[in-house]
Amino acid sequence: MSVTLAESAGFCFGVRRAVQKAEQCARGEGSVCTLGPIIHNKFVTRRLESMGVRQADCLSEARADVVIIRSHGVPPEIEAQLKEQCSRLEDVTCPFVKKIQNIAAQAYADGKQVVIIGEREHPEVIGINGYCAGSAAVIDSLEDAEKMDFSAKELCLVAQTTANKKKWQEIVEFLRKSGYNMQVHNTICSATEQRQAEAARLAARNDVMIVVGCRESSNTRKLYEICGRLCKRTYAVESAQELSALEINGPVSIGITAGASTPDWVIKEVVNKMSEREDMLKTQDSDFLEEMDKTLVKIRPGQVIKGYVVYVNDNEAGVNIGYKMDGFISRDELTAAGDVSPREILKEGDEIEVEVLKVNDGNGNVILSKKAVDERLSKDKKLAEINQGDPFEVTVKEAVKGGVLANVEGITVFIPGSQLRERGFVRDLSQYVGKTFAVKALEVDVKKRRVVASRAVVLKQEREEKEEKFWGNIHEGDVVKGVVRRITDFGAFVDVGGVDGLLHISDIAWYRLDKVTDVLKVGDEIEVSVLAMDREKGTISLGYKQLHAKPWEFAFEKYPVGSVVKGKVVRLAAFGAFVNLEPGIDGLVHISEITDHYIKKVEEALAVGQEVNVMVLDVNPEAKKISLSIKALGSEGQPEQEDEAFVQAEESAGFVQEAQEEDNAPSAETEETDAQ
Ligand code: SF4
């Protein structure tokens, strides 16, 4: 002997939502009424009445501060009228019913004949028909269908949410065979389908079937019909009180199901009553109440559970998770991919995984999140990738004691200070905040979703790869591009593609350099020649001057005898002054070639640093000598000097004095002015 309670017995999502809304309104301010019974269950309506929710039986009676439209919905004109006669209208039309109303309205607007397969007098059907101006044909049986003649129009078929699936299929099949042009929308609620299918399974394998629910409840009646066809001893009861009238004796197996409008406590009473029967107790290990609870899933916050979508709208989705109540996913708990309508991601019947955020939000709702599961899956996927040892990119969020913290796809990554650079100690960790770079995992804690990673390992690997490539491609004599990285007294280190080569100061210029910085600075991009290399030691010697002509090589062409060039006095000697013409080429102006009058010392006419124009008197590249003359150009041939020292030197040489005398000579214009 056994008793089996259907998992789907009791309130569906739409009914629970409507009842909860009514309870919520009852707890609020003002009078509350519903137009018609909120659900087809007298125990529930009585209870709500005791809480102050009045039932209005017609439109004129539906006057209160708050009027509730029940889950069956109403025609649009009734809704408009209700809006006028109450302060607040609460519409708890089940989203599944709303969907049918919309289909009917659209089909009617498109000129199609709407056909509703359902009960003509059922409020849900009346409401849907209102959305096609009462023009819908309502078919409740195959016989009804046979009498119909729709030849003139295209049909749009919808079903009452609680319609019998088998009957729906038969009618659709019949109309199809009749050759109608049809648009078919199976709008039987999935909760109803599931409930009916489960009831059928139970009825087929049990000796007795008990269907609990009020007689006004359409879906309860349909359950009774379905079970009755499969199990001869099917009984419909409204409550436990009616059980005593039933003849259930002997070793029988009993199945129990209940309509969508039957509250849990009525079902529990039925189960309790059954458990009181002695013959049943003999065969039960535990009481029926426990048995019933066993059929329900237990949930806790944080639990990930599978469920199927029972409704979707633009703001939320309802999910049946096998618990005594369906759960809700709000729009912001749907996906990590931003603000998306649930309709774009989910559809009724989809099987999804959700995380339980709250078992009860205070209003009896189970709050679920799909986003949390998606994020968890994405984290796990990322963690698995990280764990494989491949480098991954992180952006540093903050500096903490001993290192920095980064976050990659919700996973916390700690990079110790010692692992931030390949070499050297990092004093200021904050310099890394906001920086993005690749790291490799050193430790992965899958459970806590934490990772310790190293940037140094990646840098080392990158350097080694670069070096490997570098040494494979470079040869002595190659001319390569490089960047000056560091300058010392003895030369410059130039990065020539992952390896720093030494450019010795003696290989920078053909002339003697005092400082490397006279020619190069850090960051300069230059071409260098590979002079020597040692792969074992990892050293490479570079040359810069080797790629440039020796200064004296073209001295003849550049400084022909008689040409005038600019230079700078770089050294004074007793016999003359050395004038630099370009780096590496100094010419001599003999003391006798400085001025056209006698000077005792070179310093009387020239100073180091002074810019002068000189005439080339003689060129001897082999001896690296150029003879120059300032005197040959006269004072007019000299550039203007701003430095006081040079002025003094020139004054003493007579150049400036002469110029000043010329400047001071009165012009014709000046003389005329004076005469006036
Ligand atoms: S049976 Fe389906 S359509 Fe009807 S109220 Fe329940 S959930 Fe909504």
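All values derive from a computational prediction rather than experimental measurement.
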What I want to check is whether the side chains of [X] and [Y] have a donor and an acceptor closer together than 3.5 Å.
{"X": "Thr161", "Y": "Glu124", "value": "yes"}
{"X": "Ser330", "Y": "Glu316", "value": "no"}
{"X": "Glu385", "Y": "Asn387", "value": "no"}
{"X": "Lys382", "Y": "Ser378", "value": "no"}
{"X": "Gln81", "Y": "Gln85", "value": "yes"}
{"X": "Gln194", "Y": "Tyr308", "value": "yes"}
{"X": "Thr192", "Y": "Asn219", "value": "no"}
{"X": "Gln106", "Y": "Asn102", "value": "no"}

Heavy-atom pair of closest approach, residues [X] and [Y]:
{"X": "Lys98", "Y": "Tyr131", "answer": "NZ-OH, 4.3 Å"}
{"X": "Pro301", "Y": "Val359", "answer": "CD-CG2, 3.7 Å"}
{"X": "Pro342", "Y": "Leu334", "answer": "CA-CD2, 3.4 Å"}

N/O donor-acceptor pair under 3.5 Å between [X] side chain and [Y] backbone:
{"X": "Ser31", "Y": "Asp65", "answer": "yes"}
{"X": "Gln113", "Y": "Leu155", "answer": "no"}
{"X": "Thr262", "Y": "Val212", "answer": "yes"}
{"X": "Asp350", "Y": "Ile352", "answer": "no"}
{"X": "Gln160", "Y": "Glu119", "answer": "yes"}
{"X": "Ser178", "Y": "Tyr180", "answer": "no"}
{"X": "Asn164", "Y": "Lys166", "answer": "yes"}
{"X": "Asn206", "Y": "Leu202", "answer": "yes"}
{"X": "Arg233", "Y": "Met209", "answer": "no"}
{"X": "Lys371", "Y": "Asp332", "answer": "yes"}

Inset, instruction - Could you walk me through whether Ile126 and Arg120 pass the side-chain contact (heavy atoms from CB on, under 4.5 Å) test, one step at a time? - result: CA-CA 7 Å; Ile126 293 170; Arg120 193 166 289 103; over 6 Å; no

Identify whether the distance between the nearest side-chain nitrogen and carboxylate oxygen of [X] and [Y] falls below 4.0 Å.
{"X": "Lys42", "Y": "Glu238", "answer": "yes"}
{"X": "Arg195", "Y": "Glu7", "answer": "no"}
{"X": "Asp314", "Y": "Arg331", "answer": "no"}

Inset, instruction - Could you tell me whether the side chain of Val67 reaches within less than 4.5 Å of the side chain of Glu90, counting heavy atoms only? - result: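 Glu90 does not reach Val67 side chain to side chain.
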
Legend entry - Side-chain touch Val366/Ile299, heavy atoms, less than 4.5 angstrom: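 Contact flag for Val366/Ile299 side chains = yes.
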
Hey, could you give me the [atom1]/[atom2] distance between [X] and [Y], rounded to the nearest 0.5 Å?
{"X": "Arg88", "Y": "Leu82", "atom1": "CZ", "atom2": "CG", "value": "14.0 Å"}
{"X": "Leu157", "Y": "Arg176", "atom1": "CG", "atom2": "CZ", "value": "8.5 Å"}
{"X": "Ile116", "Y": "Cys132", "atom1": "CD1", "atom2": "SG", "value": "5.5 Å"}
{"X": "Leu230", "Y": "Arg205", "atom1": "CG", "atom2": "CZ", "value": "12.0 Å"}
{"X": "Ile329", "Y": "Asn315", "atom1": "CD1", "atom2": "CG", "value": "13.5 Å"}
{"X": "Ser369", "Y": "Phe328", "atom1": "OG", "atom2": "CZ", "value": "15.0 Å"}

Inset, instruction - May I ask you to check whether over 12 heavy atoms, not counting those of Lys379, lie within 6.0 Å of atom NZ? - result: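 Count over threshold, so yes.
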
Inset, instruction - Report the C-alpha separation of Ile305 and Glu353 in whole Å, then their side-chain angles, then the decisive distance to 0.1 Å, and conclude whether the side-chain contact (heavy atoms from CB on, under 4.5 Å) test is met. - result: CA-CA 6 Å; Ile305 192 165; Glu353 268 196 324; over 6 Å; no

